[in-house]
Amino acid sequence: MNERYEPLSIEPRWQKRWEEAGTFRAGRRPTAEKRYVLEMFPYPSGAMHMGHARVYTIGDALARFLWARGYDVLHPIGYDALGLPAENAAIKDGRHPAERTRENIVSFRADMKRLGYSFDWEREIATCEPEYYRWNQWFFVKMLEQGIVYRRQGKANWCTGCATVIANEQVMADNTCERCSSPVVEKVIPEWTFRITAFAQDLLDGLDGLTEWPERITTMQRNWIGRSEGAEVDFAVEGSTERIKVFTTRVDTIFGCTYVVLAPEHPLVAKLSTADRRADVQAFVQRMAKTDAIERTGEGAPKEGVFTGAHAVNPFTGARVPVWIANFVLAEYGTGAVMSVPAHDQRDFEFARKYGLPIEVVIQPAAGERLGPGASLEKASTEDGVTDRSGPFSGLASAEARRRMSAFAKEQGFGDATVRWHLRDWGFSRQRYWGTPIPIIYCEDHGAVPVPEQDLPVVLPPQAIITGTGEPPLAKVPEFVATTCPRCGKPARRETETMDTFVDSSWYYARYLSPKDDGQPFDAALAKRWLPVDVYVGGPEHAVMHLLYFRFWHRVMHQLGLVQEKEPCKRLVTQGIVNGPDGRKMSKRWGNVVSPGGMVEKFGADTVRLFMLFAAPPEKDIDWSDEQVDGLFRFLSRVWRIFVARQPCFAAPDAALPQAAGDALELRRRTHRTIKKVSEALGEGGDLKFNTGIAALMELVNALYAFEPKSEPDRAAVRESLVAVAALLSPFAPHAAEELWHEVLGAPARDRLLADEPWPPFDPALVAADVVTIAIQVNGKLRGDVQAPVGAGEAEVRALAEAEERVKAHLAGKTIRKVVFVPKRLMNFVVG
RNA sequence: GGGCGGGUGGCGGAACUGGCAGACGCGCCGGACUUAGGAUCCGGUGCCGAAAGGCAUGAGGGUUCGAGCCCCUCCCCGCCCACCA
């Protein structure tokens, strides 16, 4: 065999053989149990970067392991190919997004192939192809029929940078765009909307079953869905028939309500303001309208408001309370009106202090000192407690008070218990070009008519003029716009908006099941076998966007009878970022970008893969490190050299193994323990910890260097170990593994592939130690250790321990008060 | 303000269910082989100390024979959400 490890000369060869043999075709083992391993598909903007190399390497190591474990594995890949970056680039240089995207796909595909990923390439999809997006349109029409899609009139989030409407999930906390960080403003524009809120409770409940998702992701979804239980209560307005409906989660505090506050945009503001206050109110409302949302509601924004002159009546107490408007009350949350209880709400407290409104304590802490009058408080007391000065509801625990008071309000007809959600419906119209055309035709007589199924797809016209000015580009393509009404045949116009590209990624995992199917989005029978996805690998940044949308979409598909289960994916693995060598995010700006392609050319795919897996567990961020990469190349070279050095062992017969004894037996033990450790590191019965699995392999290789075979049984033990090293290496560094495996096995393996071989089993008898090292402590401090047979009892170990010189010295002249014995581990003498 | 993660050598990271802290790798130091070595192989490497020994997992307390791990108080870092009524 070649004396030196030369990855570039061996890697393409194995890639070709896997490809030709169809080694990774899903469905090859129809009678075997299935596993669906999926990584989030890439958005092909420019070339592949290190982040991609990391996700796909993680998924690939797992997929290869599962193949070896005997499963029928589905491990597909495709391209999330529609979207703004390609369109924005087109505005700059005039190249058509389709042309650019297809070129990028070619580059991505080449890079991924060079990394040796075990994708089933026959299932490759690209969402920009009409064969794919026609099914987005098909789903749209179905969902319209089901009432899940509707046309909404109202305020939408308009991204000033992307020049389009975006979804709530795409608006960041500081009112900037998730994609481009430009300010997001409100714009009154009709939008096509998914009624995701109809699934809010179900999406929330489903989270409890996602026990194999990272808790932080399910928590984020839970918070985003934001179920909030409370009550609505109507306050009558004095001298008017109008009622102010407030939403509160703390109806138990209502006897302490000393004023009511409306959002400046609340429809009643104009009606209720008294003549003497009108000028002030109008000025305030106008000022708020001009102030942008960040400034108005951002952290640290001072609370401001004005009195409207009107009064409302607390239906529980009959008390007359002033009605104010204030900046911190948001029209879009709850009812846009709040009852203020300054004693028990911090915002209300600050506002009351500022404007001299009364503060009345109506909740006493369940334990501890009673609260004095409101005026003496330093801050609001917001904990649940016991109701006080609350009329017939006094003396109740907060939770009980809420139940009774809500029931009372309902009985009296001025309120009820209610649930509010943070989740909003998903507006998915985009005033952009590079997306799925929304299959709607506007007819003068029939309104918005869905394109009939047999007329799909509505193909995106290639001749668009893309300007990014906010006008839908499709509106400027007359031959696209002009059509006829499917109902009456009269001239009509097409919808010119396109779909949010999150639609594409909401169901792509199902398209992989039958990617070329032209009669349906996917084959339901195949879905029954392959879904749900068993392991999904991707970045945590998608927690409340993609990962919420695809859970929603799966429920829709469930409702349409296309899939059996409600959740799309059993286990989610979120991987960390690959930063530059300087610890900063890789970026042209810092000049710290390292490309996977370049690294593969320099070190080979196996070294790059090993780096991705060895640097840290999948979920942690890592820094690219040239030194660590050198180290991993060195490791593979070291593996290679030990095979070269131990070539004389290649022919040793297995028959010699049972006689192995002494050091050879020790080597065999190490071999089998390593098999067990690597299997566990690959997720067998726990988390993925590729780093410790590779570390275990390194230890075994170190042991092989230390062992000089002298006899036939020795050589057999070495051979067994070498075969195991090759097999265990195969999920991580598959090319080197194939090469080495074939070298050891020689002619008998010529027509076989390691990638096709079963995972090596370990012998439990060899994994179990027969002699163990037991740590000996005196008063909890380590004073030595003894070797004892694995079954040694306390008396036996104690005798050994007391014979140890260091232990003896520490026990000398002391009284042993107690001896703690942990079998196989430790003995502790407690002395005085 | 709320939620979720974290804090371990010079660095990345190990440590099963409370049982020898620092596996493995990087870096560094030394040795061998060499005309040479930024190759390779071997050895060493938490800190203090000549040693015995002592001290060490963000800080301080507690529980325990024994704590990186459990409990309490606090500090710091990251991510997500946020005047959400």
Name the nucleic acid region contacted by [X], choosing base, sugar-phosphate or nothing; use a 4.0 angstrom heavy-atom cut-off, strictly under.
X: Pro617(A); result: sugar-phosphate
X: Arg638(A); result: sugar-phosphate
X: Thr773(A); result: base
X: Glu619(A); result: nothing
X: Val338(A); result: base
X: Asn828(A); result: base
X: Arg227(A); result: nothing

Looking only at atom [atom1], what distance separates [N] and [M], rounded to whole Å?
N: C26(B); M: U45(B); atom1: C1'; answer: 13 Å
N: G5(B); M: G19(B); atom1: C1'; answer: 27 Å
N: G49(B); M: G62(B); atom1: P; answer: 30 Å
N: A15(B); M: G60(B); atom1: P; answer: 26 Å
N: U57(B); M: G68(B); atom1: C1'; answer: 5 Å
N: C33(B); M: A39(B); atom1: C1'; answer: 11 Å
N: U8(B); M: A23(B); atom1: C1'; answer: 13 Å
N: C11(B); M: A59(B); atom1: P; answer: 15 Å

Identify the two heavy atoms, one from Phe235(A) and one from Met339(A), that lie closest to each other, and give their separation to 0.1 Å.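 For Phe235(A) and Met339(A), the tightest heavy-atom pair comes out as CZ-CB, 4.0 Å.
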Can you name the nearest heavy-atom pair linking Lys245(A) to Thr335(A), along with the distance?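 Taking every non-hydrogen atom into account, O-OG1, 2.6 Å.
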Residue [X], side-chain atoms from C-beta onward, closest of [options]:
X: Glu215(A); options: C4(B), C20(B), C24(B); result: C4(B)
X: Thr692(A); options: G27(B), A15(B), A82(B); result: A15(B)
X: Gln777(A); options: C20(B), C84(B), G53(B); result: C20(B)
X: Gln628(A); options: G12(B), C83(B), G19(B); result: G12(B)
X: Thr219(A); options: A14(B), A85(B), C4(B); result: C4(B)
X: Thr248(A); options: A85(B), G25(B), U40(B); result: A85(B)
X: Asn702(A); options: C41(B), G25(B), C84(B); result: G25(B)
X: Arg634(A); options: C83(B), C26(B), G19(B); result: C26(B)
X: Lys689(A); options: A15(B), G53(B), C20(B); result: A15(B)
X: Ser228(A); options: A82(B), C80(B), A85(B); result: A85(B)

Any idea if G46(B) is syn or anti, going by the 90°-from-0 cut?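 Chi for G46(B) falls in the anti range.
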Expressed as a whole number of angstroms, how long is the span from [X]:[atom1] to [N]:[atom2]?
X: Gln575(A); N: C79(B); atom1: CD; atom2: P; result: 16 Å
X: Gln221(A); N: G3(B); atom1: CD; atom2: C1'; result: 15 Å
X: Arg222(A); N: G2(B); atom1: CZ; atom2: P; result: 20 Å
X: Ile776(A); N: G19(B); atom1: CD1; atom2: C1'; result: 12 Å
X: Glu178(A); N: C80(B); atom1: CD; atom2: C1'; result: 14 Å
X: Phe633(A); N: G25(B); atom1: CZ; atom2: P; result: 17 Å
X: Ile577(A); N: C80(B); atom1: CD1; atom2: C1'; result: 13 Å
X: Leu697(A); N: G25(B); atom1: CG; atom2: C1'; result: 13 Å

Can you check whether any acceptor in the base of [N] is under 3.5 Å from a donor in the side chain of [X], or vice versa?
X: Glu627(A); N: G27(B); answer: no
X: Arg825(A); N: C16(B); answer: yes
X: Asn223(A); N: C81(B); answer: no
X: Lys818(A); N: C65(B); answer: no

Short side-chain N/O contact from [X] to OP1 or OP2 of [N], under 4.0 Å:
X: Lys620(A); N: G13(B); value: yes
X: Asn327(A); N: C83(B); value: no
X: His810(A); N: A52(B); value: no
X: Lys781(A); N: C55(B); value: yes
X: Tyr705(A); N: C42(B); value: no
X: Arg216(A); N: G78(B); value: no
X: Arg347(A); N: G1(B); value: no

Could you say whether Thr249(A) or Ile774(A) is positioned toward the 5' end of RNA chain B, judged by the nucleotide with the nearest heavy atom to each?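 Looking at the nearest nucleotide for each, Ile774(A) comes out on the 5' side.
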For RNA chain B, whose closest nucleotide is more 5', that of Ala706(A) or that of Leu826(A)?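 Checking each residue's closest nucleotide, the 5'-ward one belongs to Leu826(A).
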Check this for me: does any side-chain nitrogen of one of [X] and [Y] sit under 4.0 Å from a carboxylate oxygen of the other?
X: Arg420(A); Y: Glu229(A); answer: no
X: Lys354(A); Y: Glu350(A); answer: no
X: Asp208(A); Y: Arg222(A); answer: yes
X: Glu680(A); Y: Lys676(A); answer: yes

Under a 3.5 Å distance rule, please check whether [X] uses its side chain to pair with a backbone N or O of [Y] as donor and acceptor.
X: Gln628(A); Y: Ser625(A); answer: no
X: Arg641(A); Y: Leu636(A); answer: no
X: Arg402(A); Y: Ala417(A); answer: no

Convert the base pairs of RNA chain B into dot-bracket notation, remembering that pairs crossing earlier ones are written with [ ] and that bases paired across to another strand are shown as |; include only Watson-Crick or G-U pairs under 3.5 Å. (((((((..(((......[....)))((((((.......))))))(((....)))..(((((..]....))))))))))))....
Within the 3.5 Å criterion, strictly below it, is a donor on [X] or [Y] matched to an acceptor on the partner's side chain?
X: Asp252(A); Y: Ser398(A); value: yes
X: Asn157(A); Y: Asn168(A); value: yes
X: Gln787(A); Y: Thr773(A); value: yes

